[in-house]
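Order of listing sets the numbers, starting from 1, for every ligand and every atom in it. One is the number of the first residue; the rest follow in order along the sequence. Owing to the predicted nature of the structure, the values given are computational and were not obtained by experimental measurement. Because only heavy atoms are used, hydrogens play no part in the values below, and waters and symmetry mates are left out as well, while side chains stay in.
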Amino acid sequence: MKKIGVLTSGGDSPGMNAAIRAVVRAGIYNGLKVVGIKRGYEGLINGDIEEMKLSSVADIIHRGGTMLRTARSEAFKTEEGFKKALNVIKIFGIEGIVVIGGDGSLKGAERLSQAGIPTIGLPGTIDNDLAYTDYTIGFDTAINTVLHAISNIRDTSTSHGRANIVEVMGRHCGDIALYAGLAGGAESIIVPEEEFSIDEVCKRLIQGKNRGKLHSIIILAEGASKNSYAIAKEIEEKTGIEVRITILGHIQRGGSPTAFDRILASQMGSKAVDLLIQGKKSRAVGIKGNEICDFDILEALSMKKKMNKDLYALTKILSI
Ligand code: F6P
């Protein structure tokens with residue numbers, strides 16, 4: 001193998017730059033040429049590709065976002081777009097690709113491997129919704145961002161004696177809500193994976209108020225069955241406590257990656273290069289019990305994500 005490419009695809013996540021840096025530097029260290037493919041699969045279709053040097057990835061390990069930019073490519077899913085991409089890969093002499101992104105991006109990586117282009121996937125998403133890996137690149141930074149927001153909201157919540165709903169991202173996965181909620185001492189955590197009752201949320205608010213608690217934080221995952229406004233209205237009607245809503249949105253996707261995300265991304269990027277050099281294809285790199293590991297992409301994507309029920313139960317015990 002002489003030349004490999006690297007791309008980031010789907011929603012960006014903090015740590016993607018650290019992963020790109022690791023792929024480029026480990027690739028060059030091992031005597032490979034490395035090219036950067038811009039805007040994910042869109043760049044592959046349009047030939048938006050440039051050679052990466054050691055200096056191309058200098059000064060990026062601490063930056064959020066992705067220097068290669070990203071896109072959710074609809075064109076790549078079509079036969080025409082996919083054929084164009086294969087043609088561009090041939091023209092540029094790319095013999096292996098590292099794809100950094102979420103489940104949709106890994107599906108694209110699998111398709112490329114099926115078409116004869118050895119492709120390795122790295123889990124780059126804040127959602128932590130990929131079952132084959134304990135952690136995805138960007139999740140740790142995102143929960144720390146949420147934690148910071150909770151602290152600020154708690155201050156004003158206390159001053160006014162209000163309850164605050166903090167809505168977080170995660171698509172269908174409640175991990176951001178669960179982990180940030182536990183770390184932030186939230187009174188209630190509402191996730192898509194578990195049924196919840198407004199009455200229980202209200203009971204916790206009233207119990208807290210009765211023993212002199214001035215603030216109350218309810219963390220709501222965006223994929224939950226009810227939205228912030230409906231929940232706030234019901235709580236106000238049932239308890240008479242004033243509720244405010246903060247939807248954190250894309251603030252969770254930005255910012256300088258934590259040490260954990262930088263280290264994870266660096267290890268995974270280097271592992272991807274090793275796998276390509278070993279002649280592997282269609283592998284998804286992950287971390288299980290502190291060990292960097294890899295699975296067949298189809299197998300990885302077929303695993304069903306399970307919420308950590310013990311952690312969820314613990315949040316209920318600790319927020320009485
Ligand atoms: O997958 C990452 C994520 O941030 C989800 O948590 C969220 O639902 C979605 O992307 C938002 O996507 P977009 O940035 O395209 O609006």
**Complete:** Quick note on ligand 1: atoms under 4.0 Å from a heavy atom of H250 include exactly 13 (P), 14 (O), 16 (O)
**Asked** Starting from atom 2 (C) of ligand 1, which protein heavy atom do you reach first, and at what distance in Å?
**Response** D127 OD2, 3.3 Å
**Prompt:** Does ligand 1 have an atom that lies less than 4.0 angstrom from a heavy atom of G170?
**Reply:** yes
**Message:** Which residue and atom name correspond to the protein heavy atom nearest atom 11 (C) of ligand 1, and how close is it?
**Reply:** R253 NH1, 3.6 Å
**Request:** Answer yes or no: is there an ion pair linking E50 with K38, defined by an N-O contact shorter than 4.0 Å?
**Result:** yes
**Message:** Tell me whether E74 is salt-bridged to R72, with the criterion being a basic N under 4.0 Å from an acidic carboxylate O.
**Reply:** no
**Message:** For atom 8 (O) of ligand 1, tell me which residue out of E222, M169, R171 has the closest non-hydrogen atom.
**Reply:** E222
**Prompt:** Is any NZ, NE, NH1 or NH2 atom of the basic residue among K305 and E193 found under 4.0 Å from an Asp or Glu carboxylate oxygen of the other?
**Reply:** no
**Message:** Any salt bridge linking D12 with R253? Criterion: basic side-chain nitrogen under 4.0 Å from a carboxylate oxygen.
**Reply:** yes
**Asked** Looking only at heavy atoms of Q252, does any of them come nearer than 4.0 Å to an atom of ligand 1?
**Response** no
**Message:** A cation-pi test, strictly: NZ or CZ of R283 under 6.0 Å from the centre of the six-membered ring of F295 and no more than 45 degrees from its axis. Yes or no?
**Reply:** no
**Request:** Would you mind running through ligand 1 and noting each atom that sits below 4.0 Å from a heavy atom of R72?
**Result:** 9 (C), 10 (O), 11 (C), 12 (O), 13 (P), 14 (O), 15 (O)
**Request:** Take atom NZ of K238 as the centre, draw a 6.0 Å sphere, and report whether it contains more than 12 heavy atoms from other residues, nucleotides or ligands.
**Result:** yes
